[in-house]
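Here the structure comes first, spelled out in structure tokens, and everything after it is commentary.
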Amino acid sequence: MKILLLGNGGREHALAWKMAQSPLCSKLYFAPGNAGTAEYGENVAIDPEDNSAIYELVLDRSIDMVVVGPEAPLVNGVWNYLKRLRSTSHVPVIGPSMQGAKLEGSKAYAKRFMQEFGIPTAGYREFNTSKAAAAIRFINKKAVPPIVLKADGLAAGKGVVICPDKEEALRELQEMLSGKFGQASRKVVIEEFLSGIEFSVFALTDGRDYKILPVAKDYKRVGEGDTGPNTGGMGAVSPPPFVDEKLMQKVEDRIIRPTILGLQKRGIEYQGFLFFGLIKVGDDPFVIEYNCRLGDPETEVVLPRVKNDLVELFLAVKDRRLAEMKIIADERTATTIMLVSGGYPGSYEKGKVITGIENVKDSMVFHAGTTSAGGKILTNGGRVIAVTSLGRTFQDALVISNKNATAIEFEGKYFRKDIGFDL
Ligand code: AMP
Ligand code: GLY
């Protein structure tokens, strides 16, 4: 099978690495890919949000399956575009329809969905620009600090602001409604603050059944001790030791199954990954957010622990045979440490030469933001490289990831040395 993967991050390099191991995969294409994916196939310089360019590529290269890494192409309707046109309607797309992607693309939509299907999540209210006065009243009279404000739409991971007091919440509300995140924040969700420890659960669904993948925890803040601004993710551990069988049973019964059933009840086409961003409050799981894709950098620790043939799982998704499959997980723990550009998540420089990758023998090196030029590998993003290791315990795995994070060099490199500190 010829498979086209959309995206260019560490998640996509990990997906490429995993799919390339399948005897069912004859050729991989990436749009646009990075210096890491290029080792497994052909990078094609097209924008993954350009539906017609993807359509042309699928026809031109006789692609048999499209796998979507990031959310933007899904929210942008790549599924619907390919399904609508006769010459590509038969090509399976691993990723939901635009309607399914709304679980990530609109926080207000996701909240209403959870409310309808009785899925545990923080209490909330939604307000758009025409309801600004009501939002101000709500903050003044009802909301209890800390107050969580969320831009309704996609805001590159920056759309959630936790305000310590009402004054800041009012200021932030004003900024959001007047377009701080463009159209995405013309509607705002105001949410109750939940206190607990977060974890990420991934399910693969064929629209009828689902399989749960290994659980992970990511580290979103840039600074050690979980301080400083939010990032796309600075590291991850799978499995996080605090997630036991009892908790996972609650997650499945109260969250995963009702979500899949909810999608079916609403007649939403969904054949792909569902990412449950969860928080454990006391002994109970609550949904912080849905994503319509795998997490990054969680994928870089989840896939190395999945022993199954990933392409075989994708074929089972296409044929709605997922019920017959069984996920086999490596018992070891995987950790990943993200090397980032100096200044990230603020402004940073690109084009720095990366050296030392060839010396790494006992970790997997997943490229997140890289490109190649003149035989050299260069930085090309804020998050540059994820260094993944397996170990008997997370501490063992971290020793190896830390050693190799040190061995890879580029100007301005930064990484957190305390991943797993709270476990
Ligand atoms: P999101 O972009 O939805 O993943 O939110 C970013 C981060 O904000 C989450 O990972 C949480 O740490 C935090 N967050 C979001 N919603 C809440 C909430 N209701 N209570 C506490 N923290 C939250
Ligand atoms: N690591 C969180 C995310 O992918 O959204």
Side-chain angles (χ1 to χ4, degrees), residues 7 9-12 14-15 68-72 74-75 101 103-111 114 119-126 143-164 169 172 176 181 184-185 188-202 213 215-222 226-238 240 273-281 285-303 336-338 340 345 366 368 382-383 386 416 419 422:
R11 165 184 49 217
E12 285 72 32
L15 280 163
V68 187
E71 64 280 10
L74 294 165
V75 173
L103 283 182
E104 174 163 5
S106 166
K107 304 254 187 219
Y109 177 88
K111 287 304 243 185
M114 286 186 263
I119 295 163
T121 187
Y124 83 105
R125 292 280 303 270
E126 62 175 90
V144 182
I147 301 168
V148 183
L149 259 60
K150 300 186 170 182
D152 178 57
L154 293 184
K158 300 193 175 83
V160 175
V161 182
I162 297 172
C163 306
E172 189 60 42
M176 280 198 184
F181 300 108
S185 65
V188 169
V189 165
I190 304 180
E191 210 173 273
E192 168 198 3
F193 179 82
L194 297 176
S195 187
I197 186 161
E198 289 177 61
F199 59 111
S200 308
V201 172
F202 303 93
L213 303 179
V215 182
K217 170 165 174 50
D218 84 336
Y219 290 80
K220 286 205 174 89
R221 304 292 199 94
V222 74
D226 282 344
T227 54
N230 257 321
T231 71
M234 297 295 293
V237 174
S238 173
F273 293 105
L274 244 171
F275 168 161
F276 302 85
L278 305 179
I279 187 164
K280 178 176 179 249
V281 181
F286 288 77
V287 179
I288 290 277
E289 62 166 350
Y290 285 122
N291 294 308
C292 58
R293 52 170 174 90
L294 285 173
D296 193 350
E298 289 98 325
T299 304
E300 291 93 303
V301 291
V302 169
L303 291 184
T336 199
I337 294 177
M338 192 62 84
V340 306
F366 295 120
R383 293 193 292 170
R416 272 182 67 168
I419 298 305
D422 55 340

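We count ligands from 1, going down the list as the structure has it; atoms in each ligand are counted the same way.
- Scanning all heavy atoms of the two residues, the minimum distance from Ile279 to Phe199 falls at C-CE2, 4.2 Å.
- A distance of 10.0 Å separates CZ in Phe275 from CD in Glu71, rounded to the nearest 0.5 Å.
- Residue-level contacts of ligand 1 at the 4.0 Å heavy-atom threshold are Lys107, Ala122, Val148, Lys150, Val160, Ile162, Glu191, Glu192, Phe193, Leu194, Glu198, Lys220, Ile288, Glu289.
- Salt bridge absent: Asp152 and Lys111 never bring a charged side-chain N and a carboxylate O closer than 4.0 Å.
- Put simply, CG on Asn230 and CZ on Arg221 are 5.5 Å apart, with the number rounded to the nearest 0.5 Å.
- Atom 5 (O) of ligand 2 has its nearest heavy-atom neighbour, among Glu71, Arg293, Lys220, Glu298, in Arg293.
- A side-chain contact (heavy atoms from CB on, under 4.5 Å) with Pro297 is found for one member of Val302, Ile419, Thr336 and no other, namely Thr336.
- Residue contacts with ligand 2: Asp218 is placed with a nitrogen or oxygen under 3.5 Å of a nitrogen or oxygen of the ligand (distance criterion only).
- In terms of heavy atoms, Ser200 sits closest to Val215 at O-CG1, 3.5 Å.
- Residue-ligand proximity: Gly295 is placed with a non-hydrogen atom under 4.0 Å from ligand 2.
- Proximity of Ser200 to ligand 2 is not established, as no heavy-atom distance is less than 4.0 Å.
- In this structure, the ring of Phe276 has its center less than 6.0 angstrom from the ring center of Tyr290.
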